Amino acid sequence: MPELPEVETVIAGLKPQITGAKLVSVSNSGKNLRYPLPNFSILLQQHIQSVERRAKYLLFHFENGQTLIWHLGMTGQFHVLAQHQAKTKHEHVTLAFTDGNTLRYRDTRRFGYAGLCRTNDLDQHPWFAKLGVEPLLDDFSDDYLQNILKTRKTSIKQAIMDNHVVVGVGNIYASESLFRAGINPTQVANSLKPKQYALLVQHIKTVLAEAIEAGGSTISDFVKADGKPGYFAHSFQVYGRDKQPCLVCKKPIEKIVLGGRASFFCPHCQPFK
DNA sequence: AAGGTTACCTGCCCGC
DNA sequence: TGCGGGCAGGTAACCT
């Protein structure tokens, strides 16, 4: 389901509902997610101090210095519901709080996963240690991108979707930002002109920021924590628009496969350079 | 080291 | 109507 803007949107929805809540019990469906669930007992009777995002992970910081790390995979959703609300299909984990609320984790495909880590050690956690920079921070600059891609010969689209380069850019926003930057997705990653790296960085930042502003995208099963869909899908210019006219030049959008992922672009507006 | 392939899992949509 | 194949927002373990 989620790329960075969707995770950001989920967190914005969860924050006011669970910040300060005290955890009393955790139950699960018995089915594993991508990895076995962590032992939640160290978090019992602890208050949630804050919730934040790192890459596409949600971080729930508890008062005892432990952080619950959660990735939504493709189809993960969080909902805050009253304790008495019935379980729905594919609901795999329930965290119950003293205020009568529960945080439910639903995940059809079970590609999501959760883990525990001391808050102070998060940087060393295997899920974080090798991650690239956050796209919305100043660390993600044209110099940074050009430099880290110096030896990369994959396509530029695969390169910007690589977490070791920059985090949070998934399949949709990769296509969208390359279109806005006028860069062909198949262009070899280390072959861009300096100006193109700058344009790409700029457009990755703006497309992600716009999507966060819009509350994420609506695609099949993406639902925010409040149960309402996001709106950014209305703004897709190339994603999912195979054979439809380019919104700029009217020529048909093409669909190709790069690294096994569907990729959309306008051959006229995104020429080789 | 970088790059390609495969796997994880369920549901939906399409063509026959 | 039913069935099989292909595909879906992500990540990482394998191999070469």
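Order of the sequence lines sets the chain letters (A, B, ...), proteins ahead of strands, with each chain counted from 1. From a predicted model like this one, the values you see are computed outputs, not experimental measurements.
Spacing between atom CD of Gln158(A) and atom P of dT11(C) amounts to 15 Å, rounded to whole angstrom units. Atom-to-atom, CH2 of Trp127(A) to P of dG10(C) comes out at 17 Å; the value is rounded to the nearest Å. Per the geometry, CD1 belonging to Ile69(A) stands 15 Å off C1' belonging to dT11(C), to the nearest Å. Here the P atom of nucleotide dT11(C) and the OH atom of Tyr57(A) are 6 Å apart, to the nearest Å. In this structure, Gln77(A) places its CD atom 15 Å from P of dG10(C), rounding to the nearest Å.
Spacing of C1' atoms, dG11(B) relative to dA12(C), comes out at 24 Å, to the nearest Å. dC3(C) and dC9(B) are spaced 24 Å apart, taking the P atom of each and rounding to whole Å. Going from the P atom of dA1(B) to that of dT11(C) covers 22 Å, rounded to whole Å.
Position along DNA chain B of the nearest nucleotide to Arg110(A) versus Arg152(A) favours Arg152(A) as the more 5'-ward residue. Judged by closest nucleotide on DNA chain B, Thr151(A) is the one of Gly259(A) and Thr151(A) placed further toward the 5' end.
Consecutive Watson-Crick or G-U pairing (both distances under 3.5 Å) extending over three or more pairs maps onto DNA chain C as B:2-8 with C:10-16, B:10-16 with C:2-8.
Between the side chain of Asp142(A) and the main chain of Leu199(A), no donor-acceptor pair closer than 3.5 Å is present. With Asn190(A) contributing its side chain and Lys153(A) its backbone, the two residues share no donor-acceptor pair below 3.5 Å.
Under the salt bridge (Lys or Arg N to Asp or Glu O under 4.0 Å) criterion, the residue pairs touching residues 54-74 of chain A are Arg54(A)-Asp123(A), with sequence neighbours excluded. For residues 8-21 of chain A, the set of pairs meeting the salt bridge (Lys or Arg N to Asp or Glu O under 4.0 Å) definition, not counting sequence neighbours, comprises Glu8(A)-Arg53(A).
Applying a 4.0 Å cut-off to non-hydrogen atoms, the residues of residues 29-39 of chain A that approach DNA chain C are Arg34(A), Tyr35(A), listed by residue number.
Take Gln146(A) and apply the side-chain contact (heavy atoms from CB on, under 4.5 Å) test, not counting sequence neighbours, and it matches Pro194(A), Tyr197(A). Taking the ring pair (Phe, Tyr, Trp, His ring centres under 6.0 Å) definition, one finds that Phe97(A) meets it with nothing, sequence neighbours left out. Partners of Phe265(A) under the ring pair (Phe, Tyr, Trp, His ring centres under 6.0 Å) rule, at least two apart in sequence or in another chain, do not exist in this structure. Remark: Phe179(A) pairs with no residue by the ring pair (Phe, Tyr, Trp, His ring centres under 6.0 Å) rule, at least two apart or across chains.
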Could you go through nucleotides 3-8 of chain C and list every protein N or O atom that sits under 3.5 Å from one of its N or O atoms, giving the distance for each pair?
{"unit_1": "dA8(C)", "atom_1": "N3", "unit_2": "Arg109(A)", "atom_2": "NH1", "d": "3.2"}

If you look only at distance, which donor and acceptor atoms sit under 3.5 Å apart when one is on a side chain in residues 22-29 of chain A and the other is two or more places apart or in another chain?
{"unit_1": "Asn28(A)", "atom_1": "OD1", "unit_2": "Gly30(A)", "atom_2": "N", "d": "2.8"}
{"unit_1": "Ser29(A)", "atom_1": "OG", "unit_2": "Lys31(A)", "atom_2": "N", "d": "3.2"}
{"unit_1": "Ser29(A)", "atom_1": "OG", "unit_2": "His92(A)", "atom_2": "ND1", "d": "2.7"}

Name every donor-acceptor pair, under 3.5 Å, that has one atom in a side chain of residues 111-122 of chain A and the other anywhere in the protein, sequence neighbours excluded.
{"unit_1": "Tyr113(A)", "atom_1": "OH", "unit_2": "Tyr57(A)", "atom_2": "OH", "d": "2.9"}
{"unit_1": "Arg118(A)", "atom_1": "NE", "unit_2": "Asp121(A)", "atom_2": "OD2", "d": "3.4"}
{"unit_1": "Thr119(A)", "atom_1": "OG1", "unit_2": "Gly65(A)", "atom_2": "O", "d": "3.0"}
{"unit_1": "Thr119(A)", "atom_1": "OG1", "unit_2": "Thr67(A)", "atom_2": "OG1", "d": "2.7"}

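For the pair His71(A) and dT11(C), the criterion of a side-chain N or O lying under 4.0 Å from OP1 or OP2 is met.
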Evaluation steps, side-chain hydrogen bond (donor to acceptor under 3.5 Å, both in side chains), between Tyr105(A) and Asp107(A)
CA-CA 7 Å; Tyr105(A) 181 67; Asp107(A) 190 344; 2.5 Å; yes
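The span of DNA chain B lying next to chain A, judged by atoms under 4.0 Å from heavy atoms, is bounded 5' to 3' by dA2(B) to dG11(B).
Contact annotation for Asn163(A): backbone-only contact, meaning every heavy-atom pair under 4.0 Å involves sugar-phosphate atoms and none involves a base.
For the pair Trp70(A) and Val51(A), the minimum side-chain heavy-atom distance is 4.5 Å or more.
Taking every heavy atom of both residues into account, Pro2(A) and Gly73(A) meet most closely at CD-O, 2.8 Å.
Partner of Glu91(A) under the salt bridge (charged side-chain N to carboxylate O under 4.0 Å, His left out) criterion, chosen from Arg106(A), Arg104(A), Arg110(A): Arg104(A).
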